[in-house]
2 protein chains.
Amino acid sequence: MSETEARRAGRPRKAVLNRERITEHALELVSDDGYESFTMQRLAKSLGVSPSALYNHVDSKNDLLQWIQELVMADIDTSVFDEADIKEALLQWATSYRNVFARHIPLIPVIAVLPVSDSPRTLGMYERVAEALSDYGMAESEVVPTIVALESFIFGSAMDTAAPHDIFDTRNHQDLTPHFTQAVAAQRRSKLNTSDDSFQHGLSALVTGLLAIRS
Amino acid sequence: MSETEARRAGRPRKAVLNRERITEHALELVSDDGYESFTMQRLAKSLGVSPSALYNHVDSKNDLLQWIQELVMADIDTSVFDEADIKEALLQWATSYRNVFARHIPLIPVIAVLPVSDSPRTLGMYERVAEALSDYGMAESEVVPTIVALESFIFGSAMDTAAPHDIFDTRNHQDLTPHFTQAVAAQRRSKLNTSDDSFQHGLSALVTGLLAIRS
DNA sequence: ACCTGAACACCGTTCAAGT
DNA sequence: ACCTGAACACCGTTCAAGT
């Protein structure tokens, strides 16, 4: 007797909801339609249940966003720390980190306030980076500030990804902003994507600067 | 005849709402109770009008947040660019910038997507920084990436300000994260506030790194 | 244990009606 | 021109009732 037949016969169906199924459906909805249209009602509909059913498995929408975050963290590549030197590894890891959250910007405020102990994968990532920085010879007291600084830059840069391409359009104020207008024109001439260019430019400077602080 | 008497007499009162009054009331509400409880209904109540009345003056809540942003930008100190050398000026300006938006975190996603031409004060600030960087001798094509990188770090750091103090509590995973656990302990021993410490640490590295790129 | 349906307490926003 | 009051189209979440 199939599950559908059993349901038709009136037998109470077995639970169809669990963390895995909910999270995967949520991630699919988010990837397809973005976070603006991601609501508990739509998620419920896509799972074929009523919205209230979700609350037998998840405490709040914020909780669910944390589940998604934990899933998304798996996409960040930390394997470079085993292969490349510290500078190259930091550059590649940070780039991977930024690109992942550029696709999940609304998760950033959620993570920023989340104790790392609630996210095993985040904790594992921090451990890997901390180990690499210690091996490099960085002072113990500077490891956390270094990680936090990198993460702040990464999150800020991920958000910048959402900026419109003409964000620096100064057409109507050219006379009042001569230096900035010229700088915008010069950047446009030499590079395709301002956000990517600025990220790599800043990341290189930041990593170099952070690794230069030896005690 | 006072305005109140006129109203009592049934004469149509003159408009009580305008951008200035709305924005100032909004800023006061936000400063007192935070952004979570900042709603159009509450703002209307504090102004003594019905919620729908606001929409005769503002197109949307997002618009209103942009008005607040423009007001808040006035708090950022750019005067240092006239007094100190470029490095010191960038450090002080960035610190001022971060501290202002640490008190207005929910504005960050609004600004990040806002064309600068919609915010005169932001444009003015960019012009001042661009001028200083040009005077310093930075290549034209690197001025915008430098500003964007600094801003990304500033916004990310402002958000980090909202993190709980025990965000790095690894009590339950000490054995799995030896390096990170030790780094957290070391940082705690030497510094009071992780967020402030990390910001200054990263800012110093970033500014040094950005100014070192000479062509 | 897990689901449904109705309800609650909100949101931001629109709009006809008044002055 | 500007305001009110009612209404709309949503939210996230709770809870009694069912199986």
Side-chain angles (χ1 to χ4, degrees), chain A residues 1-26 29-30 33-69 106-107 109-110 113-114, chain B residues 1-23 25-26 29-30 33-69 106-107 109-110 113:
Chain A
M1 199 190 215
S2 80
E3 186 57 34
T4 338
E5 285 166 334
R7 215 182 305 167
R8 223 179 274 128
R11 175 159 68 74
R13 60 163 171 267
K14 274 176 75 176
V16 291
L17 295 182
N18 54 48
R19 171 164 172 164
E20 197 185 343
R21 230 173 81 82
I22 291 174
T23 313
E24 274 171 9
H25 260 79
L29 274 187
V30 158
D33 305 328
Y35 282 91
E36 313 88 64
S37 59
F38 176 64
T39 68
M40 297 300 270
Q41 348 253 337
R42 282 191 211 229
L43 175 58
K45 178 175 269 185
S46 101
L47 283 158
V49 298
S50 77
S52 53
L54 294 169
Y55 289 88
N56 287 304
H57 304 270
V58 77
D59 281 344
S60 64
K61 186 178 180 180
N62 200 65
D63 247 53
L64 179 49
L65 291 176
Q66 293 182 25
W67 290 4
I68 298 178
Q69 183 254 346
L107 291 184
V110 177
V113 173
L114 186 70
Chain B
M1 199 189 216
S2 80
E3 188 57 33
T4 338
E5 286 165 336
R7 214 181 307 165
R8 225 180 273 127
R11 175 158 67 74
R13 61 164 170 265
K14 276 175 76 177
V16 292
L17 295 182
N18 53 49
R19 172 163 171 165
E20 196 185 345
R21 230 173 82 81
I22 291 175
T23 313
H25 259 78
L29 273 186
V30 158
D33 305 329
Y35 282 91
E36 314 87 65
S37 57
F38 176 65
T39 67
M40 297 301 270
Q41 349 254 334
R42 282 190 210 232
L43 175 59
K45 178 175 270 184
S46 100
L47 283 159
V49 297
S50 77
S52 53
L54 293 169
Y55 289 89
N56 287 304
H57 305 270
V58 77
D59 281 345
S60 64
K61 185 178 181 178
N62 200 64
D63 247 53
L64 179 48
L65 292 177
Q66 294 183 24
W67 291 2
I68 298 177
Q69 183 254 346
L107 291 184
V110 177
V113 173

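Letters A, B, ... mirror the listed sequences (proteins, then strands); counts begin at 1. Because the structure is a prediction, the values reported are computed rather than measured. Side-chain atoms are counted along with the backbone in the values below, which use heavy atoms only and exclude waters and symmetry mates.
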Spacing between [X] atom [atom1] and [N] atom [atom2], to the nearest angstrom:
X: A/M40; N: D/dC11; atom1: CE; atom2: C1'; value: 11 Å
X: A/Y35; N: D/dG12; atom1: OH; atom2: C1'; value: 18 Å
X: A/I22; N: D/dG12; atom1: CD1; atom2: C1'; value: 15 Å
X: B/K45; N: D/dT4; atom1: NZ; atom2: C1'; value: 16 Å
X: B/L54; N: C/dT14; atom1: CG; atom2: C1'; value: 14 Å
X: A/L47; N: C/dC3; atom1: CG; atom2: P; value: 10 Å
X: A/N18; N: C/dA1; atom1: CG; atom2: P; value: 17 Å
X: A/N56; N: D/dT19; atom1: CG; atom2: P; value: 17 Å

From [atom1] ([X]) to [atom2] ([Y]), nearest 0.5 Å:
X: B/Y35; Y: B/L29; atom1: OH; atom2: CG; value: 11.0 Å
X: B/N56; Y: B/N18; atom1: CG; atom2: CG; value: 12.5 Å
X: A/I22; Y: A/L17; atom1: CD1; atom2: CG; value: 5.0 Å
X: A/S50; Y: A/K45; atom1: OG; atom2: NZ; value: 12.5 Å

*asked:* Applying a 3.5 angstrom cut-off to the pairing atoms, does DNA chain D sit in any stems of at least three consecutive Watson-Crick or G-U pairs? List them by first number.
replied: C:4-8 with D:12-16, C:12-16 with D:4-8
_If you compare all heavy atoms of A/A26 against all heavy atoms of A/I68, which two are closest, and at what distance to 0.1 Å?_
CB-CD1, 3.8 Å
*What are the two closest non-hydrogen atoms of A/H25 and A/S46, and how far apart are they?*
CD2-OG, 3.1 Å
*asked:* Heavy atoms within less than 4.0 Å of DNA chain C: which residues of residues 59-67 of chain B have one? Give them sorted by number.
replied: B/S60, B/K61
Please write out each protein N/O paired with an N/O of nucleotides 5-10 of chain D under 3.5 Å, distance rounded to 0.1 Å.
| unit_1 | atom_1 | unit_2 | atom_2 | d |
| --- | --- | --- | --- | --- |
| D/dG5 | O6 | B/S52 | OG | 2.5 |

If we only count heavy atoms from C-beta on, is the [X] to [Y] side-chain gap below 4.5 Å?
X: B/M40; Y: B/L64; result: yes
X: A/Q69; Y: A/V110; result: no
X: A/D33; Y: A/F38; result: no
X: A/L54; Y: A/L47; result: yes

*Closest to the A/H57 side chain: C/dC3, D/dC3, D/dT13?*
C/dC3
